[in-house]
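On a predicted model such as this, the values are computed, not experimentally measured, just so you know. Letters A, B, ... are given to chains in the order of the sequence lines, protein chains preceding strands, and every chain is numbered from 1.
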Amino acid sequence: GDSVTQMEGPVTLSEEAFLTINCTYTATGYPSLFWYVQYPGEGLQLLLKATKADDKGSNKGFEATYRKETTSFHLEKGSVQVSDSAVYFCALTRGGGADGLTFGKGTHLIIQP
Amino acid sequence: ETGVTQSPTHLIKTRGQQVTLRCSSQSGHNTVSWYQQALGQGPQFIFQYYREEENGRGNFPPRFSGLQFPNYSSELNVNALELDDSALYLCASSFEPGLNEQFFGPGTRLTVL
């Protein structure tokens, strides 16, 4: 079945550091890929998405590129802020209602001032 | 515009009991998906309802069932509760199934003793 693997946390960085959170996937066909973020005390929010190979999703300074050859969708940000502290989830769907979203386990990001 | 709401916020039940969780979808959305998020894990897809019919299901036993009402709100019912059912239950709504963005509610925390 489909699966998503993302790097274990917590990841602790200093403010203004460069961020990479790795995500790889296993799926048949051509899934769409997502990054969701969960801020403390809040629900999951879509951060960015990419629906086909070589697409780049971007939002709020975060970027991720859909790499079919390496089955990866790594999340990057050039300069993190304390307000970026949250749990980040990589997810995929093949688009049919029968599948829903398949999530990774989440990566807890902690940004220190 | 009202977002996705869920009730109750927290719930404590004992093994063998039955529970009903409720979700109100975002205005204009006709599709509701339910997810189970165990502590430290990513959400797992339970099922999806579209226009009052179950549209797809994940790997959950039949004691997990649901309903969707004409106003597109939804219920998740779990019978014969087990200790492993303790989790955060998330509801997400979207405009149509497929690749449309899913908007998540804050969740209901269920504890089974």
What heavy-atom pair brings B/Gln102 and A/Tyr36 nearest, and what distance separates the two atoms? O-OH, 3.7 Å
I'd like to know whether CG of B/Asn71 has more than 12 heavy-atom contacts from other residues, nucleotides or ligands below 6.0 angstrom. yes
Could you state the interatomic distance from CG (A/Leu46) to OG (B/Ser94), rounded to the nearest 0.5 Å? 12.0 Å
Heavy atoms from other residues, nucleotides or ligands near OH of A/Tyr39 exceed 12 (cutoff 6.0 Å): yes
Distance-only donor-acceptor pairs under 3.5 Å for side chains of residues 103-113 of chain A, two or more places apart:
{"from": "A/Thr107", "atom 1": "OG1", "to": "A/Gln6", "atom 2": "NE2", "distance (Å)": "2.9"}
{"from": "A/Thr107", "atom 1": "OG1", "to": "A/Met7", "atom 2": "O", "distance (Å)": "2.7"}

Are B/Gln37 and A/Gln38 side-chain neighbours, meaning at least one heavy-atom pair lies under 4.5 Å? yes
Using a cut-off of 6.0 Å, state whether more than 12 heavy atoms not belonging to A/Lys52 lie near its atom NZ. no
Using heavy-atom distances under 4.5 Å, tell me whether B/Ile46 contacts chain A through its side chain, its backbone, both, or neither. neither
Measuring only between side-chain heavy atoms, which start at C-beta, is A/Leu101 closer than 4.5 Å to B/Pro43? no
Just wondering, are more than 12 heavy atoms of other shown residues or ligands nearer than 6.0 Å to CZ in B/Arg15? no
